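Below is one structure, written out as structure tokens, with a few remarks after it.
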Amino acid sequence: MEALLPFVVQLIAGAIGGNAASAALKQHSINVVARTIAGAIGGVGGGMLLSMVGGEAAIAGLIADGIGGLIGGGILSTLAGLVMARAHR
């Protein structure tokens, strides 16, 4: 069970980060479900990248997972919105 906790934190933080980034940029090209899924996937990727780079040494484990998830989710959701907006032109 302890092995799943960082994964769940990354998923949730990524979903929050993806929706927050899309709301801040006022992207309407993808719906809420797609933003949430893209954010969750980006959150897992961002959390993994941050832990590989060594961010976990400076910050406590779950906090690093959350920060990586927020950033990764925001980035991937933004990229997905840009791709979808360009496809609709």
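Since we're looking at a predicted model, the values are computed, not measured. FYI, the numbering just counts along the sequence from 1. Heavy atoms only: backbone and side chains are in, while hydrogens, waters and symmetry mates are out.
Remark: Val8 engages Ile12 in a side chain to side chain contact (heavy atoms under 4.5 Å, CB included) (not counting sequence neighbours). Partners of Leu70 by side chain to side chain contact (heavy atoms under 4.5 Å, CB included), not counting sequence neighbours, listed by chain and number: Ala13, Ile16.
Listed here is the closest heavy atom pair of Pro6 and Asp65: CB-OD2, 3.0 Å. For Thr36 against Ala15, the heavy-atom pair with the smallest separation is CG2-CB, 3.7 Å. Across every non-hydrogen atom of Ala21 and Thr78, the tightest pair is CB-OG1, 3.7 Å.
Sorted by first and then second residue, the side chain to side chain donor-acceptor pair (under 3.5 Å) pairs involving residues 39-49 (not counting sequence neighbours) form an empty list.
Under the 4.5 Å side-chain heavy-atom criterion for grouping Ile, Leu, Val, Met, Phe, Trp and Tyr, Val33 is connected to Ile41 within one hydrophobic cluster. Hydrophobic clustering, with ILVMFWY side chains joined whenever heavy atoms are under 4.5 angstrom apart, groups Ile63 together with Ile71. In the hydrophobic clustering of ILVMFWY residues, with side-chain heavy atoms under 4.5 Å counting as a link, Met48 and Leu11 come out together. Clustering ILVMFWY residues whenever any of their side-chain heavy atoms sit less than 4.5 angstrom apart, transitively, puts Ile67 in the very cluster that holds Ile75.
For the atom pair CE of Met84 and CG of Leu79, the computed distance is 13.5 Å after rounding to the nearest 0.5 Å.
With hydrogens and angles left out, the side-chain atoms of Ser77 and Asn19 include no donor and acceptor closer than 3.5 Å.
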